[in-house]
Amino acid sequence: MKCLLIGELAPGEPCMEPSKNAALVEDFRALRSTVEQMGLLKPNKLFFFAVLVHILLIDVLAWLNLYYFGPSLIPFLITALLLGTVQAQAGWLQHDFGHLSVFSKSKWNHLVHKFVIGHLKGAPASWWNHLHFQHHAKPNCFRKDPDINMHPLFFALGKKLSVELGVKKKKYMPYNHQHKYFFLIGPPALIPLYFQWYIFYFAVQRRQWMDLAWMISFYVRFGMTYIPLLGIGGTISIFILVRFLESNWFVWVTQMNHIPMHINYDENKEWMSTQLQATCNVDQSFFNDWFSGHLNFQIEHHLFPTMPRHNYSKVAPLVLSLCKKYGIDYQSKPLFTAFADIVHSLKESGELWLDAYLHK
């Protein structure tokens, strides 16, 4: 950190920027200390082992289904669904290792992260780290959060940014219809049409040869597993279908917590306000926890990025209490309401863009 040192504040100078609430900063630091004292940053390794085992068992079941019942349509579709589940669940598990929330030593988290995202999913760990760490530092901040880089090329996001686009008479897409074409270029297309090729470009362009080797091991294993059962054409077909299923699962889950929330330029607020204005939760249930990899507790995850996910529900009441104290909006909603809010927010921002484009 020495290279970032500008200087020391003179005695008497304020140690907090005017845009930040000093009392909230101190109370959050106290909450962080409480979390550490409660042991909520300590992982239950058996939990993560069970998650890994259940992924591997589904993977084996997918192969056994085709092996015993043959490559007819119904077994083919069932195997694709099982493999799509493997990819989605492995995505949540690699997220755990990427956040260093499983092992006490970073090197073990990094090593298993490469195995899960590289060998089980076929993607580079370095690519995920590069994007995801920026997202957590400044969620929903335009030009700082890469997760909203689809603004303005494909979508108009956020009320203020959408009006700004309209006032400037910029129209890269018919944004007033974005809540409709989202179903075409959003959930079904992100992974098979974009991520699938970009991850190779990223690994090669940045010379991440170890990541590339892990990725290749996934494709070799997938081919050796399914070409004997389906042939080359059938294996390519099921791979594309699996990516399509995974993409829909991934996009709906990852966007339900952020797209309907506040999106704007960086407002330089304190940590807690920055995270809460950009993040919402989805109500807890066994299915919601499993389906989203506990990212239904997105607020708690963003406030404590290294916290093991099985502890989110334990810290949630403490976070809610602090939010009430400072009048910070803490949103939690049913799963399908969260899905619908993505579409509603796109429709609203598209209408705001159109009004500004035509009348301002």
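Throughout, residue positions are numbered sequentially from 1 according to the sequence presented.
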Q: Do Asn288 and Ser292 have side-chain N/O donor and acceptor atoms under 3.5 Å apart?
A: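 No pair is found: no donor N or O on one side chain lies under 3.5 Å from an acceptor on the other.
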Q: Can Glu246 and Lys121 be counted as an ion pair, charged N to O under 4.0 angstrom?
A: yes
Q: Is a salt bridge present between Asp145 and Lys138, judged by a nitrogen-to-oxygen distance below 4.0 Å?
A: no
Q: For the aromatic rings, using the six-membered ring if either is Trp, is the centroid distance between Phe304 and Phe28 under 6.0 Å?
A: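 Judged by ring-centre distance (under 6.0 Å), Phe304 and Phe28 do meet the cut-off.
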Q: Drop me the distance from Ile185's CD1 to Leu193's CG, to the nearest 0.5 angstrom.
A: 10.5 Å
Q: Mark yes when over 12 heavy atoms from residues, nucleotides or ligands other than Tyr265 sit less than 6.0 Å from its OH; otherwise mark no.
A: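 Enclosed: over 12 neighbouring heavy atoms sit under 6.0 Å from OH of Tyr265.
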Q: How far apart are the closest heavy atoms of Ser101 and Pro43, and which atoms are they?
A: O-CB, 3.4 Å
Q: Would you mind listing every salt bridge (charged side-chain N to carboxylate O under 4.0 Å, His left out) that reaches into residues 46-71, with sequence neighbours excluded?
A: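 Applying salt bridge (charged side-chain N to carboxylate O under 4.0 Å, His left out) to every pair that reaches into residues 46-71, excluding sequence neighbours, yields Asp59-Arg221.
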Q: How many angstroms lie between CZ in Phe291 and OG in Ser285, if you round to the nearest 0.5 Å?
A: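 If I round to the nearest 0.5 Å, the distance is 11.0 Å.
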Q: So does Lys160 pair up with Glu164, basic N to acidic O under 4.0 Å?
A: no
Q: Closest approach of Ala123 and Ile199, non-hydrogen atoms and distance?
A: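 Answer, listing the atom of Ala123 first, then Ile199: CA-CD1, 4.1 Å.
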Q: Over 60° means perpendicular and under 30° means parallel, so classify the ring planes of His135 and His302, tilted if in between.
A: perpendicular
Q: Would you say Gln178 and Ser349 are linked by a side-chain donor-acceptor pair, where the criterion is simply a distance under 3.5 Å?
A: yes
Q: Please examine the side chains of Trp128 and Gln94, heavy atoms only from C-beta on, and report whether any two atoms are closer than 4.5 Å.
A: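 Yes, at least one pair of side-chain atoms sits under 4.5 Å.
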Q: Before we go on, tell me: are the rings of Trp249 and Trp290 under 6.0 Å apart, centre to centre?
A: yes
Q: Is the distance from the ring center of Phe115 to that of Phe97 below 6.0 Å?
A: no
Q: Examine the side chains of Asn281 and Glu300 and answer whether a donor and an acceptor come within less than 3.5 Å of each other.
A: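 The criterion, which ignores hydrogens and geometry beyond distance, is satisfied for Glu300 and Asn281.
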Q: Check the side chains of Gln331 and Asp329 for a donor-acceptor pair under 3.5 angstrom, ignoring hydrogens and angles.
A: yes
Q: Quick check: closest heavy atoms across Met261 and Cys280, and the distance to 0.1 Å?
A: SD-CB, 3.7 Å
Q: Please name the pair of heavy atoms, one in Lys347 and one in Glu351, separated by the smallest distance, quoted to 0.1 Å.
A: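 The pair with the smallest heavy-atom distance is NZ-OE2, 2.6 Å.
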Q: Please tell me if the side chains of Phe142 and Asp266 come closer than 4.5 Å, counting only heavy atoms from C-beta onward.
A: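 In short, these two side chains do not touch, never coming nearer than 4.5 Å.
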Q: Taking the six-membered ring for Trp and the full ring for Phe, Tyr or His, determine whether the centres of Phe200 and Trp197 are under 6.0 Å apart.
A: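 Distance test on ring centres: not under 6.0 Å, no.
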Q: Could you tell me which non-hydrogen atom of Pro228 sits nearest to which non-hydrogen atom of Gly223, and how far apart they are?
A: CD-O, 3.8 Å
Q: Hydrophobic clusters here meaning ILVMFWY residues chained together by side-chain heavy-atom distances under 4.5 Å, can you tell me if Val220 and Val86 are in one?
A: no
Q: Can you tell me how far the CD atom of Gln89 sits from the CG atom of Leu56, to the nearest 0.5 Å?
A: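 Atom-to-atom, Gln89:CD and Leu56:CG are 12.0 Å apart.
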Q: Centroid-to-centroid, Phe239 to Tyr219, below 6.0 Å?
A: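 Yes.
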Q: List the steps, then state whether side-chain contact (heavy atoms from CB on, under 4.5 Å) holds for Trp127 with Arg206.
A: CA-CA 9 Å; Trp127 163 76; Arg206 302 211 173 205; over 6 Å; no
Q: Would Lys333 and Asp283 satisfy salt bridge (Lys or Arg N to Asp or Glu O under 4.0 Å), going step by step from the backbone distance to the final call?
A: CA-CA 5 Å; Lys333 60 188 75 169; Asp283 297 341; over 6 Å; no
Q: Ring centroids only, cut at 6.0 angstrom: are Tyr198 and Tyr201 within range, meaning strictly under it?
A: yes
Q: For a 4.5 angstrom cut-off between non-hydrogen side-chain atoms, does Phe287 reach Asn296?
A: no
Q: Rounded at 0.5 Å granularity, tell me how far CD1 in Ile216 sits from NE2 in His119.
A: 13.0 Å
Q: Does the side chain of Gln255 come within less than 4.5 Å of Ile148's, by heavy atoms?
A: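 The answer is no; the side chains never approach within 4.5 Å.
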Q: To the nearest 0.5 Å, what is the distance between CZ (Phe250) and CZ (Phe195)?
A: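 Nearest 0.5 Å value for the CZ-CZ distance: 5.0 Å.
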Q: Judged by modelled atom types alone, do Glu17 and Asn268 share a side-chain donor-acceptor pair under 3.5 Å?
A: yes
Q: Got a second to check how far Phe336's CZ is from Met256's CE, nearest 0.5 Å?
A: 10.5 Å
Q: Just by distance, with hydrogens left out, do Asp289 and Tyr312 show a side-chain donor and acceptor under 3.5 Å apart?
A: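 Absent: no donor and acceptor within the cut-off.
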Q: Do Val102 and Leu41 sit in one hydrophobic cluster, given that two such residues count as connected whenever their side-chain heavy atoms are within less than 4.5 Å of each other, even indirectly?
A: no
Q: Is the gap between the ring centers of Trp252 and Phe182 under 6.0 Å?
A: yes
Q: Run the side-chain contact (heavy atoms from CB on, under 4.5 Å) test on Ile236 and Leu230 for me, step by step, so that the C-alpha distance in whole Å, both residues' side-chain angles and the decisive distance to 0.1 Å come before the verdict.
A: CA-CA 9 Å; Ile236 293 174; Leu230 297 173; over 6 Å; no
Q: More than 12 foreign heavy atoms under 6.0 Å from CG of Leu4: is that the case here?
A: yes
Q: Ring centroids only, cut at 6.0 angstrom: are Phe154 and Tyr172 within range, meaning strictly under it?
A: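 Phe154 vs Tyr172: aromatic centres not under 6.0 Å.
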Q: Does atom CD1 of Ile232 have more than 12 heavy-atom neighbours from other groups under 6.0 Å away?
A: no
Q: Would you say that more than 12 heavy atoms from the other residues, nucleotides or ligands in this model lie under 6.0 Å from the CZ of Phe133, or not?
A: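 Check passes, neighbour count above 12.
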Q: I need the full list of ring pair (Phe, Tyr, Trp, His ring centres under 6.0 Å) pairs touching residues 340-360, with sequence neighbours left out, sorted by first then second residue.
A: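 Of all non-adjacent pairs touching residues 340-360, those that pass ring pair (Phe, Tyr, Trp, His ring centres under 6.0 Å) are Tyr175-Trp353, Trp353-Tyr357.
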Q: Does the side-chain contact (heavy atoms from CB on, under 4.5 Å) test come out yes or no for Ile55 and Leu93, once each step is laid out?
A: CA-CA 9 Å; Ile55 292 170; Leu93 183 59; 3.9 Å; yes
Q: Any idea which heavy atoms bring Asn44 and His310 closest together, and the distance?
A: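 The pair with the smallest heavy-atom distance is N-NE2, 2.8 Å.
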Q: Counting only heavy atoms not in Lys45, do more than 12 sit closer than 6.0 Å to its NZ atom?
A: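 Enclosed: over 12 neighbouring heavy atoms sit under 6.0 Å from NZ of Lys45.
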Q: Mind checking whether His99 and His132 have parallel, tilted or perpendicular rings, split at 30° and 60°?
A: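 If you compare the ring of His99 with that of His132, the planes turn out perpendicular.
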Q: Do Phe47 and Arg309 touch side chain to side chain, with heavy atoms closer than 4.5 Å?
A: yes
Q: Is there side-chain contact between Phe222 and Ile238, with heavy atoms separated by less than 4.5 Å?
A: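 They are in contact (side-chain heavy atoms under 4.5 Å apart), so the answer is yes.
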Q: When you compare the side chain of His301 with that of His136, does any pair of heavy atoms fall below 4.5 Å?
A: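 In short, these two side chains touch, coming nearer than 4.5 Å.
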Q: Decide if atom OH of Tyr67 counts as having more than 12 heavy atoms of other residues, nucleotides or ligands within a radius under 6.0 Å.
A: no
Q: What about Trp214 and His113, are their ring centers closer than 6.0 Å?
A: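 Between His113 and Trp214, which both carry aromatic rings, the centre distance is not below 6.0 Å.
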Q: With no hydrogens and no angle check, do the side chains of Asp211 and Ser126 hold a donor and an acceptor under 3.5 Å apart?
A: yes
Q: Give the C-alpha distance, both sets of side-chain angles, the deciding distance and a yes or no for side-chain contact (heavy atoms from CB on, under 4.5 Å) between Lys325 and Asp27.
A: CA-CA 10 Å; Lys325 178 179 179 180; Asp27 277 354; 2.7 Å; yes
Q: Can you confirm whether more than 12 heavy atoms, excluding those of Lys107, are under 6.0 Å from its NZ atom?
A: no
Q: If two hydrophobic side chains count as joined below 4.5 Å and joins carry through other members, does Val116 share a cluster with Met210?
A: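 In one cluster: yes.
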